[in-house]
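Single-structure report; data block below.
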Number of protein chains: 2
Amino acid sequence: MTERRSEGSAEKRVPAAAFGADVPERLLLPGVPDATVARLPVYLRVLGALSDRGTRTVSSDELAGLAGVGSAVVRRDLSHLGPTGTRGVGYDVEALAERVSHMLGLTHERAVVIVGAGNLGSALAGYAGFGSRGFRVSALLDTDPAVVGTPVGDLVVEDVAALEQVVARTGAAIGVITTPGPAAQSVCDRLVDAGIASILSFAPTTLSVPDGVDVRRVDLSVELAILAFHDSRRLPAELGLAAAGDAS
Amino acid sequence: MTERRSEGSAEKRVPAAAFGADVPERLLLPGVPDATVARLPVYLRVLGALSDRGTRTVSSDELAGLAGVGSAVVRRDLSHLGPTGTRGVGYDVEALAERVSHMLGLTHERAVVIVGAGNLGSALAGYAGFGSRGFRVSALLDTDPAVVGTPVGDLVVEDVAALEQVVARTGAAIGVITTPGPAAQSVCDRLVDAGIASILSFAPTTLSVPDGVDVRRVDLSVELAILAFHDSRRLPAELGLAAAGDAS
DNA sequence: TATTGTGAAGTCATTCACAGCA
DNA sequence: TGCTGTGAATGACTTCACAATA
């Protein structure tokens, strides 16, 4: 791996005391907050756009505007990469993109296997966001014999019965589950058994996995419900405010 | 300086002091944390499944297991709905579902307009999660003349030029953006102008909207990048653990 | 007795404000 | 002069632990 410690910065706060003495180093070294990790990909996208436009440097304020966050958040987030900016100037776009990319582990392409070739799975297989920046959809699986064998984009739908072989063949690191809810857990189990430790699920169910397996869920009905919650409080509030005149 | 992120709830805290004493209390009181709001829909799904199975009561511990969170989280979350459980017994499944549903504002059906009838938009139009529980996809729009007029499920793709009329006709409360990135901002602007204040975007861009409009983003490449981050730290660690004798 | 509901403590994240540096 | 990087303050969320109670 590209794990060099060429960085001279001697004072990396390691919360060693919080854990035991014999905890594997990987848990201690980087210490990047989850919230920061979730924003780094957004910065990376913005930096890519800036780079395409020929912009050489960017300030935390500009980057913040383009990413839709506050500038203090940007500076705090980037501080976890070590000193990457130049005071009075800003950040070098190319260098920063490289740093962020490296921090996220996007140093090599990862193969992605999608299980469930329904509408959503097929859509994701062709989705541009999947093809870009370090991910390649290398297989699309389904149970339905009527679907198995049909082409979707560059791929041909394969039988989910061969899941283990497909994972082995493609060296997939990430599994995406777009099956109906009831099938999700068993598909998940098989992905895990096949060696996949990173799973993105669109199924509206809770998946249980062994320790060490990382599951992220995207649940459309949850997103809609959250919007509904805010919506339901906004309507009465607006009426009240309108009657009382402008808020400020 | 719109400073909203994908998780943004534009106005969680109402500045009560600014309004004096005669603002209706119910508008100010609830103060449900964002993190809780994001979990309530999950509880609601679990409660629905329990109800279908004929289960009458459920403890915070059981609910926690089914929802994939800790039991203290469940109790804390539900405490925001007022006293809903019975000590020594648990929660009444039906009554709790009703309470949660009401808290989320899922009391009436909301019309959803999807803009972008590509793979993803078409998939979402037919997605079960959209049809269930208080949401109905009432229109699907696109720019492409070759797509406009074609049927997708029960719907016929309409011309995005008629966006304003479609929103008015359907009384849509929620807009879903599944266009390519470059088109997203202008579609967003038009949705907002048409009176939509709740937007779910799948476009990989930052959307800027006026205050009071709620935007949630689902970004597949962000999700994958987060998985990649954890994946890239797991690999070296597993080797280390394997050498040291991993328990599981 | 079993389980809720909640103070209190702890952990994590955001924001402020400015010293330090190019 | 302008902007980064970061202590310190604030705020949000989680977890603990147990008193209250059906």
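Note that the coordinates shown come from a computational prediction; the quantities given were computed from them, not determined experimentally. Just so we're on the same page: letters track the sequence lines, and every chain starts at 1.
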When you measure from the side-chain N and O atoms of A:Tyr91 to the phosphate of D:dG2, is any distance below 4.0 Å, counting only OP1 and OP2? no
Remember a base hit wins even if backbone is also touched, and classify A:Thr36 as base, sugar-phosphate or nothing at under 4.0 Å, heavy atoms. nothing
Let's see if you can work this out: which of D:dT14, D:dC13, D:dT6 has an atom nearest to the side-chain heavy atoms of A:Ser79? D:dT6
So which one's nearest nucleotide on DNA chain C is more toward 5', A:Asp77 or A:Gly88? A:Asp77
Checking D:dG5, C:dT14, D:dT14 against the side chain of B:Val73 (C-beta onward), the nearest is D:dT14
A:Arg87 has a side chain; which of D:dT14, C:dG5, D:dC3 sits nearest to it? D:dC3
Between P of C:dT11 and CG of A:Asp34, the distance in whole Å: 16 Å
Does this structure show an ion pair linking A:Arg190 with A:Asp193, if we count only N-O contacts that are shorter than 4.0 Å? no
Rounding to an integer number of Å, can you tell me how far A:Asp61 CG sits from D:dG2 P? 13 Å
Could you state the CG-C1' distance from A:Leu96 to D:dC3, rounded to the nearest angstrom? 14 Å
Under 3.5 Å, is there any donor-acceptor pair linking the side chain of A:Arg76 to the base of C:dT15? yes
Taking only side-chain nitrogens and oxygens of B:Arg75, does any of them come within less than 4.0 Å of OP1 or OP2 of D:dC16? no
Mind checking the OH-CZ spacing from A:Tyr127 to A:Phe135? Nearest 0.5 Å is all I need. 14.0 Å
Rounded distance (Å) that lies between atom P of C:dG5 and atom CG of B:Leu63: 12 Å
Using a strict cut-off of less than 4.0 Å between a Lys/Arg side-chain nitrogen and an Asp/Glu carboxylate oxygen, indicate whether B:Asp92 and B:Arg56 qualify as a salt bridge. no
Without decimals, in angstroms, what is the distance between B:Leu40 CG and D:dC13 P? 13 Å
Rounded to the nearest 0.5 Å, how far apart are CG of A:Leu104 and NE2 of B:His230? 10.0 Å
For C:dT4, does either OP1 or OP2 sit under 4.0 Å from a side-chain N or O belonging to B:Ser60? yes
Interatomic distance, B:His80 NE2 vs C:dG7 P [rounded to whole Å]: 12 Å
Expressed in angstrom and rounded to an integer, what is the separation of B:Leu78 atom CG from C:dT6 atom P? 12 Å
Rounded to the nearest 0.5 Å, what's the gap from CG on B:Leu78 to OG on B:Ser60? Could you check? 8.5 Å
